[in-house]
Each structure stands twice: as C-alpha cells, then as structure tokens.
K.L.:
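Let me begin by handing over the structure; questions about it come next.
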There are 2 protein chains.
Amino acid sequence: MNRRVRQQDIARKLGVSINTVSLALKDSGRINEDTKLKVQEVAKALNYIPNSIARSLVQKRTFVIGFILPSITNPIQIETAQNIERKLLANGYNMMLMTSDYDKNYETKALDILLSRQVDGIFMFPTDIQNQKKSQEKIKAIRDANYPIILLSGGNFNLPSDSVYMNQYLGAYKATRHLTSMGHKEIAIIYGGARNTEKHQGYIAALKDSGLEYNPNQVATVGNSSYEQGYRAASKILRNGSVTAILASGDYLALGALRWCREQGLRVPEDVAIIGFDDLEASRFAEIPLTTITYKVEELTTRATELLFSLISDQETSTWLKPRKVEIEPTLVVRQSCGFKKRSGELL
Amino acid sequence: MNRRVRQQDIARKLGVSINTVSLALKDSGRINEDTKLKVQEVAKALNYIPNSIARSLVQKRTFVIGFILPSITNPIQIETAQNIERKLLANGYNMMLMTSDYDKNYETKALDILLSRQVDGIFMFPTDIQNQKKSQEKIKAIRDANYPIILLSGGNFNLPSDSVYMNQYLGAYKATRHLTSMGHKEIAIIYGGARNTEKHQGYIAALKDSGLEYNPNQVATVGNSSYEQGYRAASKILRNGSVTAILASGDYLALGALRWCREQGLRVPEDVAIIGFDDLEASRFAEIPLTTITYKVEELTTRATELLFSLISDQETSTWLKPRKVEIEPTLVVRQSCGFKKRSGELL
DNA sequence: TTGTAGGCGTTATCAA
DNA sequence: TTGATAACGCCTACAA
C-alpha cells in the first residue's frame, strides 16, 4: 500500500511546523486565517486523511462504541443495532458490531476484543445472563472500572449493571393471560436458541393467576428463532392433541408454527391460537395476521443512547453511583391469530 | 474511567524492562520460560488488556475490515455481513459495519471514515454505482493506492474494481423468461429503494427475446424493499387491469404484493403470477410459497473473503495488476407463486 | 536472554 | 500566531 499522507507531509510542503498543520486542520481560532486556508488547501490537494488511530492514542478516546448481540438473524436485534448506529453517528461515534452466536464463551471474548480496541462504551444483548457467572463477573468488573456498559436485557436483577430493556416478564404474562381469558387451558410455549427466563416466569405466573397448572411437557426449546424451527416446534408440541394455544418467543417461530398448522389442516385461530413476540413486519402481513407483543425499538434505543452518553460524559460523578435500570413496558397487539376477527378488507 | 493497566505496570512490578514484558506476552521463543510465566501471571492478575490502538499505530495494521451496506433491513445484506464477519474472525479480524441508508453522500463519507480509522480493507454494497461519479472516483483512487476494496455488486463494468457479485442481469432475465414461457405478456417489475440497473436490463432483454415490448408504465419504484412497500407497489401497478405477472426486486416486496392480491380477491398464481429475488426463508414459508431467484450467500462470501485476503497479503504484486471480477450465477427456484402446483403436504 | 533507544502520527503544553 | 518538545502504549531494531 502506498504511504499515506501525514500532517508532516503537508508541513514540509508549506515550510511550517506540524503543530501549525494540526491546528489549522481542526479549524482552531488561534491561528492565522491565511495559513489556515493554505494548509487546508494543500491537505485537500494531497488527499490527506487524518489517522484516527494516532489521534485516539493521545486523546484516549476512539469514538467507537461496541455492540454485542447474539444473532444478526434476529430482526429486532438488528433493528436495534441500526437504530443505535444512527444515533451514535449523529454524535460523531461509529459502531463496532460483534455477534456472539449465542455462544457464551465467545460473548466474553467479544468483550475483551472491544476493550482491547479501546471502544468508548458497550451495548450488549446478553445471552442467558442469569446463568453466566463468568459474563456476570466480567460485566461487573467493567462497570467497576467506570467503563460504560449497558445491557439491553432485564434478566439480571442481581447484577449491578445499567440496563435498558423491554419487560419480557410482563409481555409473556399479558399474552398468556389473554389466552386464558379466552378459555384456553392447555397453553404451550416455545423458545428459540435458549429458554428466556423472564418470559418463562411471566408465562408461569399467568397460568397460576388463572388457576392453571404449569406443565413442563408443554415447553419446547428449538435451535433458533427461525420459521423452520417454529415449524418443527409446532410438530413436536401439537402432535399429542391436547394443546389449543401456543405462545412463541419470537414472531418467526410463531409464523413457522402457523404454517405447520395449516399444512395439518388445523385452523388458526379456531383450532389453535398463536401469539408471538416482537411485532415484526412479517407478522402484520402474514396470511393470518399474528397477535404479538410489541418491541419498542425506538423508545428503547433512545433511552439506551441517552444513558450511555450520560455515563460517558459524567465520568466519575454521581451517575456512576447506582446502576440505572430503565424498563419499557410492552403491549399486546391483538390480530387474527388468537381469535379476534378481522373486519374484511382492512389491513391491520 | 480508571487508568488502564499497561505493559509498563507489569514491568515495574517485576523489575524487568517493558521489552521483556512485550516479548513474554506474545509468547516469544527467545525469552526465559520462567520470566515468561511470571509476566503472564502478573498480567492476568492485574487484568491486563493489550491496547490494540497503540499496537496498530506501530504495526500499521488494525485487523479491522470495513463493511458498507445500504440497509440493515435487507436480510440478504445482513446475512452477507454476518457470514463475512465469521470468516474474518477466524482470521483474527474484526468488522466495522456502516450503513449508508441508500444515501450516496453518506456512502463516500463512510469510505472516508473507514480510511481514517485505518481499516485493513473494505467490502461494499454500492448504491446505484453506475450513476455515482463521485463514488466511482473515490473507489478507483482507493484501489490505485493499493488499498484493498471489494465491491459486492456487478453494476460497474467500466470501473476497474475488484468485485464479487451475483449476476443480477441473468437473474432477472431467467425470471422474466420463465414468465413469458408460461404465456404472460404483461409483466410488471417493481423496485425498492432505487432501480437496479442490472436487473432492469435483464428484464428488458428477456422481454425483447420473447418478442414483447418494454412498457415503462409497468415499472414501479417504491421507497424501500419492505412488505409495506410491496403492498403499495402492487396496488399501483395492478389497479389498471392488464398486468398478469409481477417481478419484484426483493422477496419482501413480492410478499407484500401477494398480500395485496389476496385482499383484492386476486388469486396467485391464477390471476397474478409473482416472482421475487433473494430466496429468503420467509418466501419458503409464505402462504403461497414464492418463486424466487437465489442469492448464494455462502459462495459469495467465501469468494469475497478469499479475494480480500489475497489482496491484503500479496501487497505490491501481480494480484493488483488487474482487478478481478468474480461472478456468481443465480438460479430460479420455482415454487407456487408463478403457477407451479405444489404436491399436497410437501414443504417446499 | 534481556535492556535501551527510537519511532508510529497525532495532540497538548509551553515557550518564543 | 507559531514552533519545539514531550507524551500516548506498543513494537522493532540493535546492543549488552
């Protein structure tokens, strides 16, 4: 690769010092207008591009924020990432995205990589954090070092971490209660990737509050949150007859299950009611529009970036005393797949 | 933020020189085993994390690869990114992802940011590159500086750039020919975001080769490639009766169109045939499984990373003489939406 | 096997 | 308003 143009090259060409160039390029007020213009002109002519690595080294800031998520396949996670990227960009930051593939070892490794790259802060969708002693300790250590890290999940009540998240417990609770209120007594739940503890507890609590018993046989965990796996999960859970309703931890899972039902001649919602999670666009446009629990991306990312920036700028002050937990309440969007009838011709 | 641990801190603690620490940490052979172990022990105890910014500055390599794509909403682009990220990771590289939002100005700005951050190479899904003089020049300049950049699109035949891409011309050609072979004479095409020149020319060529005339009124370009916009496009293009087939530049567009047809009482494929692009999972699981053109992500990313790494390692040699163009041939996957009948019970 | 010295490209500090 | 000088943390020579 050809040698990059440096400030020194500009300086030499003009017979001034590097310092002058540096000041001129950052449009400093305390420099002669003429020299400033000359420097900027030469910089442009030589196609000078500042080396932000060098700048970062001395300033101890990279203006890069790390983002760790389990799977890029999950539209919600990706949308969250994109949304945050936009907000960061507006503040002069870039984002470094890392996927953990639901691999707990890689998750902590990703943290190390980001720290090594000196990112100014980290967002993270943790994988099954309740059961990850190692991740927990690492996250705690990072925060203890006054290093901004924000979790986008709420399943870490004992962990002193700053968090912004949808209340998944409540989402599952609302969905399950809706189903029981419509008379369902055998309600299955399916998970992709790993069982979500919060959702699971919401589900169990709703059953209990409805006077129903929790039946572990009505829980299925499949490989990931795709259509394919939802299709598989439905075939497992519905084969033995009694189940009349399914709560799926993601909309794709729900839509895959819906497809299986149709192929088996089961009517949705008459024979099987289905509710998903996340309110993806695909759910609105499905053959049987899907009842689902919202994921408020815009609200979540707004709160999350606010929190991150306050941590970044309020170094060492009261912001750091007590981790903040920002909880966002999901709502149930009732469409056709759980029994509600659509009026003809209307696009839900 | 608390002060980070440096090699110097380890050195001081052990009463050795920084150089010893540096060598020990990189597991150099020419150092005493004992001191090496002691250094590594202390490093671990102090929770030392190497500062890759400093390392990059001296080594002139960051082990970061930039990736520019127009929209994170597009599942194919994201899958490509993820796929490439995995392959990079296996080689010790990380990825910096930037979205251009189909904004041509931001595209060149993203290039500058990546260059400034000293990434070791760049992948890019260009936006409408044929009509972007500015982007073209920039890309050419980057390559002329022996800086590895690979375009993931083929619509730049005059541009001396290394490229790995699906042959979209051929894809559109195949799809259109398939429709004409089934007797369709009024075939519309819809685009999301921007008109894709390659696809457009394939479409026109196929019409011509089938003895049909190109009718600009049967072309619609909508805001993006979502279900919503496909729904809108269908309402525009089908309102005036004559069209009997739609080719959509993306599967979500196609599925949105499908939804509109169903709501209007139009049968697919009997009244309207629909073909999409990209072969997303959603297409396989749709109410009417979608006929579509494949996007061979795995093959594409494999070839693309191979090419990038060869450019990175073969600095200054023959690799650089002539830009390489790797073209991947798409295939037509025939499902129900264009007239082919599914056998009952079979999951396509 | 280890230590010393110099430099990567930039910014910050202080003097001129 | 400018210039010299010293960092930033690490690596690569080369010397000891």
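Below, chain A is the first sequence line, B the second, and so on; all start at residue 1.
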K.L.:
Rounded to whole angstrom units, what separation is found between the CZ atom of A:Arg61 and the C1' atom of D:dG9?
P.N.:
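In whole Å, D:dG9 C1' and A:Arg61 CZ are 19 Å from each other.
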K.L.:
Are a donor atom and an acceptor atom from the side chains of A:Thr99 and B:Glu85 found within less than 3.5 Å of each other?
P.N.:
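Present: a donor and an acceptor within the cut-off.
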K.L.:
Would you indicate, yes or no, if D:dG3 has its OP1 or OP2 atom less than 4.0 angstrom from a side-chain nitrogen or oxygen of A:Thr20?
P.N.:
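For D:dG3, OP1 or OP2 has a side-chain N or O of A:Thr20 closer than 4.0 Å.
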K.L.:
Could you tell me the separation between the CZ atom of A:Arg12 and the C1' atom of C:dT10, rounded to a whole number of Å?
P.N.:
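To the nearest whole Å, that distance equals 16 Å.
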K.L.:
Report the distance from atom CZ of A:Arg6 to atom C1' of C:dT11, rounded to the nearest whole Å.
P.N.:
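Going from CZ in A:Arg6 over to C1' in C:dT11 covers 16 Å.
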K.L.:
Answer with base, sugar-phosphate or nothing: what part of the nucleic acid does A:Gln7 contact at a heavy-atom distance below 4.0 Å?
P.N.:
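Since a base atom lies under 4.0 Å of A:Gln7, the category is base.
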K.L.:
DNA chain C: B:Ile18 or A:Tyr48, which has the more 5' nearest nucleotide?
P.N.:
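Nearest nucleotide further toward 5': that of B:Ile18.
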K.L.:
What's the CZ-P distance between B:Arg55 and D:dC10, to the nearest Å?
P.N.:
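Atom-to-atom, B:Arg55 to D:dC10, this comes out as 8 Å.
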K.L.:
OP1 or OP2 of C:dT10 less than 4.0 angstrom from a side-chain nitrogen or oxygen of A:Lys26, does that happen here?
P.N.:
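False: A:Lys26 side-chain N/O out of range (4.0 Å or more) of C:dT10 OP1/OP2.
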K.L.:
Is a salt bridge present between A:Glu33 and A:Lys36, judged by a nitrogen-to-oxygen distance below 4.0 Å?
P.N.:
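Salt bridge present between A:Glu33 and A:Lys36.
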K.L.:
Do the charged groups of B:Arg4 and B:Asp9 touch, with an N to O distance under 4.0 Å?
P.N.:
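Looking at B:Arg4 and B:Asp9, the cut-off is not met.
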K.L.:
Base, sugar-phosphate, or nothing: which does B:Asn19 touch, judged by heavy atoms less than 4.0 Å apart?
P.N.:
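Result for B:Asn19 = base.
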K.L.:
What nucleotide among D:dC8, D:dT2, C:dG9 has an atom nearest to a side-chain atom of A:Leu23?
P.N.:
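For A:Leu23, the side-chain atoms sit closest to D:dT2.
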K.L.:
For A:Lys38 and D:dT2, give me the distance from atom NZ to atom C1', rounded to whole Å.
P.N.:
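After rounding, the gap between these two atoms is 13 Å.
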K.L.:
Choosing from D:dG9, C:dT10, C:dT2, which nucleotide comes nearest the side chain of A:Lys60?
P.N.:
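So the side chain of A:Lys60 is nearest to D:dG9.
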K.L.:
Are B:Phe125 and B:Tyr165 an aromatic pair by the rule of ring centers under 6.0 Å?
P.N.:
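Centroid separation for B:Phe125 and B:Tyr165: 6.0 Å or greater.
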K.L.:
Report, as yes or no, whether the 6.0 Å neighbourhood of atom CZ on A:Arg303 holds more than 12 heavy atoms from other residues, nucleotides or ligands.
P.N.:
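Incorrect, the count does not exceed 12.
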K.L.:
Between B:Ser22 and D:dC11, is there a contact of a side-chain N or O with OP1 or OP2 at under 4.0 Å?
P.N.:
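So the side chain of B:Ser22 is within the cut-off, an N or O lying under 4.0 Å from OP1 or OP2 of D:dC11.
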K.L.:
Taking only side-chain nitrogens and oxygens of B:Thr35, does any of them come within less than 4.0 Å of OP1 or OP2 of C:dT2?
P.N.:
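Indeed, a polar side-chain atom of B:Thr35 lies that close.
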K.L.:
Are B:Gln59 and D:dT12 close enough that a side-chain N or O sits under 4.0 Å from OP1 or OP2?
P.N.:
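So the side chain of B:Gln59 is within the cut-off, an N or O lying under 4.0 Å from OP1 or OP2 of D:dT12.
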K.L.:
By nearest atom, which of the nucleotides C:dT1, C:dT10, C:dT4 is closest to the B:Ser17 side chain?
P.N.:
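So the nucleotide nearest the side chain must be C:dT4.
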K.L.:
Using whole Å, report how far CD1 of B:Ile10 lies from P of D:dC10.
P.N.:
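B:Ile10 atom CD1 is separated from D:dC10 atom P by 8 Å.
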K.L.:
Let me know the distance between CD of A:Gln8 and P of C:dC8, rounded to the nearest Å.
P.N.:
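These atoms are roughly 8 Å apart.
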